[in-house]
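Step one of this worksheet: look at the structure below.
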Amino acid sequence: MNNEELKLHARNIRKNIIRQVSSAKSGHPGGSLGAADILTLLFFEVMDITPENATRESIENPDRDRFVLSKGHTSPLLYAVLAEKGIIPEEELLTFRQVNSRLQGHPNMNLVPGVDMSTGSLGQGLAAADGMAIANKLSGNDHRIYCLVGDGESEEGEIWEAAMAAAHYKSDNLCAIIDVNGLQIDGATKDVIGPEPLDKKFEAFGWHVINVDGHDFDALRAAFAEAANTKGQPTALIAHTIKGKGVSFMENQAAWHGTAPNAEQTELALKELEG
Ligand SMILES: Cc1ncc(C[n+]2csc(CCOP(=O)(O)OP(=O)(O)O)c2C)c(N)n1
Ligand SMILES: [Mg+2]
C-alpha cells in the first residue's frame with residue numbers, strides 16, 4: 001500500500017478515535033492518536049489479518065498474525081483500526097464505553113473480533129504475546145505476533161520478566177513495539193520512574209533493537225521488515241512518537257492522556273484532522 005493511502009486510513013482512524021472518546025465523554029485520546037500511524041501500517045500492510053480470518057470463532061487457533069494491545073487503555077485506537085479494516089461496523093464505534101456495548105474501555109477478546117487478548121491492566125500483554133509466540137512455534141505455525149507496549153507501561157516489572165523469557169525462548173516470531181512518547185498518566189515518564197534508556201535495556205535482555213520514528217511509514221516499514229528477517233531473538237521497535245499526534249492542542253500534553261474533548265474541542269479536532 002502506498003503512503004498516501006496509509007495516510008488516509010490513519011486520518012480516518014484518528015477521527016474515529018476522537019468521535020468515540022467524545023461520544024462516551026471518557027477514554028484515552030492521547031496515547032491512541034500517538035500510536036495511530038504504527039497500527040495503520042501494521043494492520044494495512046504488515047499483518048495478514050482480514051475480516052474473514054479475524055472472526056470470533058478463530059480466536060483459539062487463528063491462521064494469521066496476532067496483535068496484543070498491551071497498553072489496553074488505547075482501545076479507541078484498536079476499535080477504530082478494526083472498523084477501518086471492516087472487521088467491526090463503523091457505526092458501532094459510537095457505542096464505545098456504553099453499558100452492554102462490546103466496545104468497553106479496555107478491549108475484551110471474548111466479545112470483539114480481531115481483539116486477540118483482553119488487556120488494560122498494564123504490564124501483562126507482552127507476557128501473553130510471549131505465550132502466543134511459543135505456541136505458534138510448537139504448532140509449526142510461521143505467523144508473527146506483534147505487541148504494543150507503552151513507555152510508562154514499561155515501568156511494570158512483568159514487562160521485563162516477559163522480555164527475559166522471550167529472549168530465552170529465542171522467540172524471533174515476536175515483535176514488540178514500545179511506544180515512546182515520554183508521557184504517562186501523571187506526567188513525563190522521566191519524572192515518574194524514568195524507564196530510559198529503553199533501547200539499551202531491551203538489548204541487554206537479549207533482544208534485537210531498532211530505534212524508529214513512529215510516524216514515518218517508510219522507516220516503520222523497514223523496521224518491521226528487519227524484525228521479520230531477524231533470527232534467533234525477538235525484536236523491539238523503540239518507536240518515538242508524539243502523544244496526541246494530529247490534534248495540535250492535544251500534542252505532548254499529559255492532560256489529554258485520559259480526558260475527553262467537549263463538543264467545541266471535538267469539532268476543532270475533527271476539523272484539524274480533516275486538514
Ligand atoms: C496495572 C495498572 N496500573 C495503572 C493503570 C492506570 N493507567 C492507565 S494508562 C496509564 C499510563 C500509561 O502510560 P503509557 O504506558 O506511557 O501509555 P501512553 O502514554 O501510550 O498512553 C496508567 C497508569 C493501569 N491501567 N494498569
Ligand atoms: Mg507513554
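Hydrogens, waters and symmetry mates play no part in the numbers below; they use all other heavy atoms, side chains included.
Checked against side-chain contact (heavy atoms from CB on, under 4.5 Å), Ala133 has the following partners two or more places apart in sequence or in another chain: Ile145, Ser171, Asn173, Leu174. Under the rule for a ring pair (Phe, Tyr, Trp, His ring centres under 6.0 Å), His208 has no partner lying at least two apart in sequence or in another chain.
Counted by atom type alone, His257 and Lys243 present one or more donor-acceptor pairs between their side chains at under 3.5 Å. Side chain to side chain, Ser22 and Thr266 meet the donor-acceptor criterion of an N or O pair below 3.5 Å. A donor-acceptor contact under 3.5 angstrom links the side chains of Glu153 and Ser70, judged on distance only. Thr241 and Asp179 are linked by a side-chain donor-acceptor pair at a separation below 3.5 angstrom, with hydrogens and angles left out of the test. A donor-acceptor pair shorter than 3.5 Å can be found between the side chains of Glu272 and Ser248. Side chain to side chain, Glu155 and Gln184 meet the donor-acceptor criterion of an N or O pair below 3.5 Å. Using modelled atom types and a 3.5 Å distance limit, the side chains of Glu84 and Asn12 yield a donor-acceptor pair.
Figure legend: cation-pi geometry between Lys7 and Phe217 absent, as NZ or CZ is not positioned both under 6.0 Å from the six-membered ring centre and within 45° of its axis.
Heavy-atom contacts from other residues, nucleotides or ligands closer than 6.0 Å to CD of Gln98 number more than 12. Atom CD1 of Ile193 is surrounded by 12 or fewer heavy atoms from other residues, nucleotides or ligands within 6.0 Å.
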>> Set out, in order, the CA-CA distance, both residues' side-chain angles and the distance that settles side chain to side chain donor-acceptor pair (under 3.5 Å) for Asn3 and Arg221, then state yes or no.
In response: CA-CA 10 Å; Asn3 290 357; Arg221 185 181 286 117; 2.8 Å; yes
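With rounding to the nearest 0.5 angstrom, the CD1 atom of Ile88 is 11.5 Å from the CG atom of Leu111.
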